[in-house]
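Below, read A as the first sequence line, B as the second, and so on, with proteins coming before strands; counting in each chain starts at 1. Values below: every heavy atom of this structure, side chains too, minus hydrogens, waters and symmetry copies.
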Number of protein chains: 2
Amino acid sequence: MNKQISKRTLSRLPVYLSLLQEKEREGVEYISATTIANLLDLNHVQVRKDLSCASSAGRPKVGYETKVLISDLQNFLDYNNTKNAVIIGAGDLGKALLGYGGFTSYGLNIVAAFDTNPEICGTLIKNKPIYNAEKIEELVKEQNIDIGIITTPAQFAQATCDRLVKGGVKAIWNFAPTSLTVPKHIIVQNENMATSLAVLSNKLNESLKE
Amino acid sequence: MNKQISKRTLSRLPVYLSLLQEKEREGVEYISATTIANLLDLNHVQVRKDLSCASSAGRPKVGYETKVLISDLQNFLDYNNTKNAVIIGAGDLGKALLGYGGFTSYGLNIVAAFDTNPEICGTLIKNKPIYNAEKIEELVKEQNIDIGIITTPAQFAQATCDRLVKGGVKAIWNFAPTSLTVPKHIIVQNENMATSLAVLSNKLNESLKE
DNA sequence: TATTAATTGAAACTTTTTTATCGATAATTT
DNA sequence: AAATTATCGATAAAAAAGTTTCAATTAATA
């Protein structure tokens with residue numbers, strides 16, 4: 001239960017979690033790996049294997065207790081241990097992320113956003129303060145921010161990233177469609193629309209051929 | 001060059017493409033797999049293998065001609081063959097996608113958006129018409145829309161999806177944090193923030209431990 | 001109480017993906 | 001002109017991920 005977890009498995013855990021939460025709301029008290037697998041179109045052994053990383057609450061003939069499994073997953077994913085983040089770029093995408101309530105339950109606390117547009121600096125958007133991008137370094141240091149979320153246009157992404165790194169963030173979540181250069185100890189996760197679109201298009205083309 | 005391509009490889013191709021386009025703008029005429037690999041933190045053999053699916057323009061000692069490789073990738077990814085799409089849900093995320101100019105160069109043409117808010121129906125946002133969600137089915141049929149992009153709140157996603165399917169879309173790109181049930185022939189690609197956040201958080205935790 | 005059925009979890013096996021090795025090629029240097 | 005070097009592309013090896021099989025467990029049923 002405590003070895004290095006594979007990235008693939010890790011990616012599936014939040015999917016299980018969200019399904020389980022849905023099921024719990026519907027009043028489902030116990031659920032089996034087979035049921036989960038069917039709902040998500042996965043192999044049932046894979047589901048069991050994945051879940052075993054985070055929980056050992058399964059009982060033969062019964063399955064997993066929904067409530068316990070949810071809590072085990074939340075624990076494993078460290079959703080209780082909140083991390084502070086800021087968003088750089090209060091355009092539509094930045095706003096969408098600012099306004100997305102769900103992050104709190106994923107252990108992500110978005111503290112503020114930054115932008116270069118003087119008209120919005122100093123205002124509140126979605127109840128979060130917008131600061132001048134000049135202050136990134138200062139505020140990131142001061143408020144102990146772990147994660148910087150980049151939603152600027154591509155051409156400003158690297159400069160933004162450099163400021164965040166100077167401020168001391170440990171990880172960057174990059175929504176700008178460009179790749180970033182960072183010191184080795186900084187974690188970067190790229191969110192690449194083009195990538196998923198490519199996968200989608202390709203499946204679509206394959207299916208049109210048939 | 002024409003076998004079934006792996007999803008992993010396919011996901012990396014757009015990343016290569018965007019790097020190459022950047023390099024081309026900087027005036028780089030030739031680039032080697034090793035250089036690409038270093039820039040993207042990948043293995044050089046993997047890069048060469050990936051690229052070989054889409055192109056065979058590599059020359060020993062020289063590398064790939066940037067221009068040719070770009071065009072081969074665009075061809076392979078079918079970016080020249082435009083597909084029509086609509087967005088359902090003109091909230092911040094919907095607007096962000098409406099306004100993202102980049103999609104055109106990925107072969108995706110966003111025709112319109114739909115929403116339930118009567119105040120914005122009939123208006124233009126980012127120069128695209130917003131229609132009443134009642135009309136999804138009708139317009140999707142009429143305009144020959146291939147792809148439906150769902151950016152509604154989670155609780156409306158399934159109903160939205162059903163309408164799109166009735167209208168005849170072939171693929172769904174789902175940004176709502178819920179899993180959808182669709183007929184077998186419909187392609188669904190889920191864009192799951194929680195998933196990438198989980199990967200990021202986990203890396204962050206690992207790095208904090210050390 | 002014995003039998004059956006559903007389920008877990010571990011182990012063995014298969015497939016896919018990634019990485020390493022190597023010969024061939026072409027530009028550059030000696 | 002020969003030697004050297006950077007690179008590609010193919011093949012082989014290794015690692016990772018996914019699937020199948022099976023024994024053990026426990027609730028339900030006969």
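Relative ring orientation between B:Tyr106 and B:Phe103 is described as perpendicular, the plane-to-plane angle rising above 60° on a 0-90° scale split at 30° and 60°.
The nearest whole Å value for the distance from the CD atom in B:Glu65 to the C1' atom in D:dT7 is 16 Å. As rounded to whole Å, 11 Å separates atom P of D:dT7 from atom CD1 of B:Ile31. Per the geometry, NZ belonging to B:Lys61 stands 13 Å off P belonging to C:dA26, to the nearest Å. In this structure, A:Leu10 places its CG atom 13 Å from P of D:dG18, rounding to the nearest Å. Note: NE2 (A:His44) to P (C:dA6) measures 13 Å, nearest angstrom. Look at CG on B:Asp50: it is 13 Å from C1' on C:dT19, rounded to the nearest Å. Note: CD (B:Gln46) to C1' (D:dA13) measures 16 Å, nearest angstrom. Residue B:Lys49 contributes atom NZ, which lies 9 Å from atom C1' of D:dT11 at whole-angstrom precision.
Heavy-atom minimum distance, A:Val140 versus A:Gly168: CG1-N, 4.2 Å. Closest of all the heavy-atom pairs between B:Ala54 and B:Asp72 is O-CB, 3.5 Å.
Close to D:dC8, at under 4.0 Å from its OP1 or OP2, lies a side-chain N or O of B:Arg48. Between A:Arg59 and the phosphate of C:dT7, there is no side-chain N or O to OP1/OP2 separation shorter than 4.0 Å. Between C:dG9 and A:Tyr64, a contact under 4.0 Å exists linking OP1 or OP2 to a side-chain N or O.
Looking at heavy-atom distances under 4.0 Å, B:Asn43 makes contact with sugar-phosphate atoms alone, never a base. At the heavy-atom level, A:Thr9 lies nowhere under 4.0 Å from the strands shown.
Closest-nucleotide positions on DNA chain D for A:Pro60 and A:Arg12 were compared, and the one nearer the 5' end corresponds to A:Arg12. Of the two residues contacting DNA chain D, namely A:Ser6 and A:Val45, the nearest-nucleotide position lying further toward the 5' end is that of A:Ser6.
Counting heavy atoms from C-beta outward, A:Phe175 and A:Leu97 have side chains that approach closer than 4.5 Å.
B:Asn84 and B:Asp146 share no donor-acceptor pair across their side chains, judged by distance under 3.5 Å alone.
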